[in-house]
Protein chains: 2
Amino acid sequence: MINAVGRDIPDVVLAETGKTVFQGSRHFDDYTYEKTAVKARARIGGEGSKLEKDLQEVLRKCNAHDGMTISFHHHFREGDLVAMQVMQAIHEMGFKNITICASSLSKAQDELVPMLEDGTVTHIESSGVRGKIGEAISEGKLQGIAILRSHGGRVRAIETGETKIDIAFIGAPSCDEYGNCRAVGGNSNCGVLSYSAIDAEYAEYVVVLTDCLVPFPNFPADISMTDVDYVLKVDAIGDPEKIATGAARPVTDRRKLMMAESCAEFIAATPYFKEGFTFQTGIGGAASATALCLSEKMREKNIHMGFGAGGMSKPMCDLLDEGLVSCLLDTQDFDLPSIENLISHPKHFSISTKEYADPFCKGAVVNKLDFVILGTLEADVHFHCNVVMSSEGELMGAQGGHPDTAAGAKCTIVITPLVQGRIPTIRNEVTTVTTPGETVDVIVTDYGIAINPQRPELLEAAKAVKLPIKSIEELRDIAYKICGEPATLEFEDKVVAIIEARDGSIMDVVRKRKDKNLIALSTK
Amino acid sequence: MINAVGRDIPDVVLAETGKTVFQGSRHFDDYTYEKTAVKARARIGGEGSKLEKDLQEVLRKCNAHDGMTISFHHHFREGDLVAMQVMQAIHEMGFKNITICASSLSKAQDELVPMLEDGTVTHIESSGVRGKIGEAISEGKLQGIAILRSHGGRVRAIETGETKIDIAFIGAPSCDEYGNCRAVGGNSNCGVLSYSAIDAEYAEYVVVLTDCLVPFPNFPADISMTDVDYVLKVDAIGDPEKIATGAARPVTDRRKLMMAESCAEFIAATPYFKEGFTFQTGIGGAASATALCLSEKMREKNIHMGFGAGGMSKPMCDLLDEGLVSCLLDTQDFDLPSIENLISHPKHFSISTKEYADPFCKGAVVNKLDFVILGTLEADVHFHCNVVMSSEGELMGAQGGHPDTAAGAKCTIVITPLVQGRIPTIRNEVTTVTTPGETVDVIVTDYGIAINPQRPELLEAAKAVKLPIKSIEELRDIAYKICGEPATLEFEDKVVAIIEARDGSIMDVVRKRKDKNLIALSTK
């Protein structure tokens, strides 16, 4: 069945997943539903410790079983040592047919691949599958269909009961014996624990792994004792050097700086750029540089930002320190200065992913965004974006908050070089749709700015300041002139993953990559 | 059927309420259950305001109807202007058969009585029913059976779905247009919004009334926008002078000071009095004075309190400021200095009532208490306490956190004069059981200290420091010698209220008071 972004979703996939096709980003606005009933346990009276010593013993106490769903969060990013510690114990105990529901998976979980092959893990739900896991899924090594969803979509999936988590594992930089977790106060600080809040709320069992036990009460807690079953002291939960990088060096690439300057100029030309405007930017080079360029315009015009949201890095924290931003609403910390700023600045707030981006709550922060600046791997003439599939057809990225912020923000700006690695970014059709064009307003490239025809008022604003406006088709033509039109990729029929829209419907499917040798043979 | 505290619960009441009889305070420990499914609504995309102007219009939007259940919190105490504002609108619109589920009701809601009489309100669930409402219920004016439950028990009732709230009304001292509420930052600050957290989480509709709109985002929020449907700006939500008193004057009553000193001496003699011990005290004169007496012993022995929990008043805040207490876990503020301390001191934390006292969560703060100091209206030779019924048989008090903290604390101390208003406090049987004797360890009076025979180790500790130990029967005998044995009260058969145990079972029933004229006649 063809969905609202023109993708044909096979009936067998609809049948297997029980899902519907994507029908537009506001299709579920005002939708009423019942949140799922959560299994819970009463702990009455005065016994005061949930401390455990052995992971396998904890798994037994949590009724670990074949076919269970377990969850992880990715705040430790490439330094994560929690997921593989748990998975190795599960593997040793011989459990099979596990569903992993992670907020994201990266090369820190590369060692999962053999567990896909031996049937330990048969289902994966995640924002992204980078590294070897992405490769393995693209090659058809996962038994089930992987589900890739946005951060907000993950909250929705858990609270509607579409995903029922049997055991949630939470890595906590500090924790007391009763389960109050903080993302700071330890040796492996990650700043916030936003992604795991929904897991703690809805999982049948919640297990905290920590390398730093602190006295009760570990307040203010990011995860409350009221949701935690067991606390396990382990040697390590993350490699501090890989959890957060030091402050990134300033962007010096002239092309990126030029795009950032165009982007900031465009923002300043819109009616939304006024006292108290709200803003989110990604941490990619050009996106991050945009914040710096924009700050000059803010100083110039004495305009202050109401809030900055999303993943944080040093440039946004500097603006907070300077007083150009009233507060930060933080879902993830990408560098050490952000973590330090979160600890020390009273207006740098941690928010849960529900507060950030849940489409099925009564109102999330993304709905209050004026601007969001996003990167992309590809964008097409319909303004659809692809942030998970390489142009060679391999899963390599993550939806993250991309579709959530795009849907929420009044002005969604995608910033990207027109050509990346000799491959056109702007093209007739993206390889895979992750973010629908109806939610993308502007595409800023190094060859000009395209504005979604649905937003004529933005086009007028841009024209008034003489920005290098081009139609999206003109940008595509330039890209094709530079690199040639990209060849159509070949895939097998087998669907290896679905791209889930934030409302739970299917945006697109990902098929098994055709064996390269076969492709070579067939083109002889 | 006779329950575990020896009270006979009529079968008709069990049938009408669907409840079981109380079977002991640990009967539900480790009980597994499903939390109720919450009705929810998706708010997708960029519309950014939930502001409403008219209360009746909001009621219509929330599908107000005959027979609905609505909820209120009592953080504004006797200064509350929210509940009656809402009830007047409901009354004007002519709705009938309303259930009010309040965290407590006091004389600020005296005007409810005519609405009990005309059938607007037919059911009441509350911690307490003070003032004219207590009188009206005692006289049989409420059509249904009132349910009186502890603070923790209320959280349990809501999360199990026993009480389904259709519309929760939350008075917020400050709120933004998207529903983020704080208990400070406005003109009617109440310090914390602990009681209303569970309402926001589980009610089908959540309406915020505020007299102070602030810019988005009003963070850190006590109640999140993710749960709020509508925000109504009103002229007033509370009378600041009645919300919190100024700092109470120091206790000077010699009898109360003597009890406080005995109590502190007893605490210091127990094995739990050591570095990091944890503590809660009520705000009654003797209980509050105990904190001061105890602080002298703490300074003397260089012992620091790990946390102080519960309702806060100036004496506890002073100990925090002095550094004798590591942190405060605050559920309610009784005076202005506490509110100011909450705002200014980084270790004065607001906690939700779930975190405080919920018996059906995975572990609440009360479970971590070493000591709690409580008052009572009556206590009996079984150590049962009564905190809701006057000895004349009229509902006048509130369970509050009494049964919750008693069940959780390692050492529960009730402090009370032996005789109050020429009526014996210590007696053969309390008029009504609210807190079971199995959870009460020590009773401190002005005529001696009785220790529950279940706690021989506490008796040994007290004997070692030569405290005036008496058996509970000896205390009763002294009381009876002073005032005479209290006459048995006469009641009609009609049950007007149940005393619910924190686990939802029935601890006791309250019957309609016999008309005083009839009593006079029958004793002729």
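Everything numeric here is computed off the predicted structure, so don't read it as measured data. Lettering of chains follows the sequences in order, A, B, ..., and the numbering in each one begins at 1.
- Formation of a donor-acceptor pair under 3.5 Å by the N367(B) side chain with backbone atoms of R43(A) is found in this model.
- Put simply, of H27(B), R41(B), K347(B), the one with the most heavy-atom pairs under 4.5 Å next to chain A is R41(B).
- Each of T226(B), T160(B), L369(B) has some count of heavy-atom pairs under 4.5 Å with chain A, and the biggest count is that of T226(B).
- Among A364(A), A42(A), P220(A), the residue making the largest number of heavy-atom pairs under 4.5 Å with chain B is A42(A).
- Looking at R156(B), neither its backbone nor its side chain comes within 4.5 Å of chain A, counting heavy atoms on both sides.
- The two residues D29(B) and I44(A) come nearest to each other via the heavy atoms OD1-N, 2.9 Å.
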- Show your working on side-chain contact (heavy atoms from CB on, under 4.5 Å) between V365(B) and M225(A) and close with a plain yes or no. CA-CA 9 Å; V365(B) 163; M225(A) 62 192 163; 3.4 Å; yes
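- Heavy-atom neighbours of chain B within the stretch residues 350-363 of chain A, taken at a separation under 4.5 angstrom, comprise I351(A), K354(A), E355(A), P359(A), F360(A), C361(A), K362(A), G363(A).
- Contact annotation for V228(B): only backbone heavy atoms (N, CA, C, O) come within less than 4.5 Å of a heavy atom of chain A.
- Between V38(B) and E159(A) the shortest side-chain heavy-atom distance does not fall below 4.5 Å.
- K61(A) pairs by the salt bridge (Lys or Arg N to Asp or Glu O under 4.0 Å) definition with E52(A), not counting sequence neighbours.
- Within the 4.5 angstrom heavy-atom criterion, no atom of T278(A) approaches chain B.
- Heavy-atom distances place both the backbone and the side chain of A40(A) under 4.5 Å from chain B.
- Annotation: maximal heavy-atom pairing with chain B below 4.5 Å, among Y31(A), Y178(A), F28(A), occurs at Y178(A).
- The candidate with the highest count of non-hydrogen atom pairs below 4.5 Å against chain A, out of D370(B), L329(B), D503(B), D404(B), is L329(B).
- Atoms CZ and OG, from F219(B) and S326(A) in turn, are 13.5 Å apart once rounded to the nearest 0.5 Å.
- Within residues 196-208 of chain B, the residues that have a heavy atom under 4.5 Å from a heavy atom of chain A are E201(B), A203(B), E204(B), Y205(B), V206(B), listed by number.
- Both the backbone and the side chain of Y33(A) come within contact range of chain B, with heavy atoms under 4.5 Å apart.
- Among all heavy-atom pairs drawn from G48(A) and K368(B), the shortest one is O-NZ, 2.6 Å.
- The shortest non-hydrogen separation linking D227(B) to K35(A) is OD1-NZ, 4.3 Å.
- Nearest heavy-atom pair, P217(A) versus F307(B), reported as atom, atom and distance to 0.1 Å: CD-CD2, 4.1 Å.
- Residues forming a salt bridge (Lys or Arg N to Asp or Glu O under 4.0 Å) with D330(B) (at least two apart in sequence, or on another chain): none.
- Contacts of F349(B) with chain A are made by side-chain atoms alone, with heavy-atom separations under 4.5 Å and no backbone atom involved.
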